[in-house]
Structures are given as structure tokens and as C-alpha cells.
Amino acid sequence: MNTVVAQLQRQFQDYLVSLYQQFTELRKLQDEGTPDFVAEVVSLFFDDCSKLINTMSRSLERPENVDFKQVDSGVHQLKGSSSSVGARRVKNVCISFKECCDVQNREGCLRCLQQVDYEYKMLKTKLQDLFNLEQRILQAGGMIPQVNIS
Amino acid sequence: MGMVTESQFHVLAVDDSLVDRKMIERLLQKSSYQVTTVDSGSKALEFLGLRDSNESDDANAPSSSPVTHQEVEINLIITDYCMPGMTGYDLLKRVKESAAFKSIPVVIMSSENVPARISRCLEEGAEEFFLKPVKLADLTKLKPHMMKTKLKKESDKPAKEDSAVLKPEIREEEASVIKIVPLHQEVEQEPVLSKRKATKEVISTDRSRPKYNDITTSV
């Protein structure tokens, strides 16, 4: 049982290291009183992503009638929330996305939209794996390892 | 959950983003503040009890003077800068222009680092400007601003207890002269020391104002 836990913890640590910088601040806010905080916030974030991507997709749909203002507003919101939760890769795409918007480059915007969609879904999957690992560790009687990287 | 014996500071957080509201709420709670969140500047004003003066063309609206008694006492307002409708800057101006609420410290948050924006806000009376994402460490800057207001408020009120302290001379003193010091710490050498000691008794408990312990988050 101990080796199983140890293995899981190692796996957890590997995952955590790769996402660590992104979610340090978020995790600081979670405690025994609010054990679901991180899960709730990222869930809200993913909902946000999904909604905004849909809206922007509609705005970019017809080449002859693109509402760049709408797109810009969506990118701004996405950049903000991804920055708040620590979703660095999503945020970085938003930076390029905004540039495409500023010069009204529809093709560029579409590419960025696709990338943002990819990044947030990847993140969602990774986080789901992480949360699942956490659950398995707890159920196996282990503690969630703390990771300290300076 | 029950009565807190020492007064807790209550912060009003304003942000149109749901994710950011959740974040700032948690950050503030983690820093031991009571929090109410709203999603717009106009809702913030409504919560404070300050009518939106845009209602002045409504014949049935009361005069634009603010409700002088606050339902809930707010010790600090923290607001996002970029919001549709009323921006954080607009909200800041409205608060500072209002006789009833201008003493409430206001902090602005923004995801964009625009120096002109920052100085504009500070000039208009914002106490701090936080760059998003806001961190727990940033919130330690809030307490001094809230303490200053509470102390000033206490010295403005008529004495409920038989305290020799609340003489007219104190009311005329600038807030900056009174040192803000947590009660358990040493008070620095000041000629004001004797007045400070007596003042401590007044601010240490807060029986005079109604306490609301179950403020729910309004969005």
C-alpha cells in the first residue's frame, strides 16, 4: 500500500511541478475550511473560456462582417481571467490574439482562437488528472505532498 | 460563527468578472476580512446607499443626497478598473465626491500596467493601485488604510462612555497626527501619548455600531 501511495505521490509531484508555477497562488488560498476552492475557481474559469470562445467564434464567422470590438472584448476578458487563475499558456495566446485583433487580422484571430481553445482544454484535462490523483492519494490513506520550488 | 469580540473590517469588492470576484473574495477572506462582492459600480453605490445621480430625471426619485445611515459599514472598497458602464475610476470619483463616503479608502485593481492610469487614480484619491493578479501579500497593504478610517470615525463620534478623551481638540486634529498602532504594540514616544492611551479604550470595542455577521455575497 505504501509503494502505491508513494508512486501516486511521485506522479502527483511530477504533474504538480509542471503546473506549479501556474497555480501556486491559487493553492495558497485553499485550506481545510475551503477544500474545494481551487476546483471551483478553475471550473468557473473553464466555463468562462467556453462561453467566450463561442462568442468570439460567432463574431469571427463571416469574413465580410467581423465584429473586432466584440472579439477584442472577449480576448480582454479571457486574458484577465486566465491571468487571475494562473493559466499562463492561455494568457500568452491572448497576447498574440489581441495583436491580431488590433490590426483586424481575421485569419490570425481564427488561428489564435483555435489555439486558445486547445490550450484551455489541455489544461482542463491536466487539472482533472491532478484532481483525480489527489483523490486517489487521499483514498489510499496518503497525504497530498507539498511541493516547494523557489 | 458567532459574535466577534474585535471588530472585523468589511470590504466591498467590485469586479465584473466572475472568476476575479471569486478570487478577490477568497483573498480577502483569507486575510480575515468580511467581504461583499458586487459586479458593477452602480451596484456598489447602491449597496453603500448612495443613489445614482443619473436617476435625477425621474420625478419620483428622492433628492440626490445620500442616505446618511449606512445599512452596513464598509471599511474599504476594492474595485477593478476596467468595467463596462461605470469604470473603477468613475466609482472612485463618485465615492470621493460624496460627503458621506469620501472617507472610505478605495483601492483600484487592473490587469494593465498603464502609468498614466495609475497616477490618475492615485490623484483622484485611490489609496493603492494593485496590478492583477492580486496576491495575498498585496492585501497586507490594506490594513493601515482601514485602521486610519476607523480611528478617525471613533474620534468623530460623540462619546458613549465617560471618556475624558473626546474633547473638541481631538476632533480638530489631523488624522495623520494620530499614530495608527495595533493595540498590543508599543506606542511610540509622542506628546500625543496620553490622549492615545485613553483613545485606545474607545476603539478597542465596537459596541456602538450594529454588526452584521452573515453578509452574503451579492453578485
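Labels below follow one simple rule: chain letters A, B, ... track the order of the sequence lines, proteins then strands, and each chain is numbered from 1.
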Do you know which of A:Q77, A:E40, A:Q30 has the most heavy-atom pairs with chain B at a distance under 4.5 angstrom?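 Greatest number of close heavy-atom pairs with chain B: A:E40.
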
Would you tell me whether A:R89 and A:Y118 have side-chain atoms, one donor and one acceptor, within less than 3.5 Å of each other?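 There is no such pair (donor and acceptor under 3.5 Å, judged by atom type) between the side chains of A:R89 and A:Y118.
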
Any donor-acceptor pair under 3.5 Å linking the side-chain atoms of B:E128 with those of B:H145?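 Judged by distance alone, the side chains do pair up.
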
If I measure from the heavy atoms of chain A, does B:K22 come under 4.5 Å with its side chain, its backbone, both, or neither?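 Both parts, heavy atoms under 4.5 Å.
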
Looking at B:R26, B:K135, B:K132, which has the largest count of heavy-atom pairs under 4.5 Å with chain A?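 Of the options given, most contacts go to B:R26.
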
Within the distance-only criterion (no hydrogens, no angle test), does the side chain of A:S82 pair as donor or acceptor with the backbone N or O of A:L78 below 3.5 angstrom?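 A pair under 3.5 Å: yes.
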
Examine distances only and state if a side-chain atom of B:T140 and a backbone atom of B:L136 form a donor-acceptor pair shorter than 3.5 Å.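 No, B:T140 side chain to B:L136 backbone: no donor-acceptor pair under 3.5 Å.
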
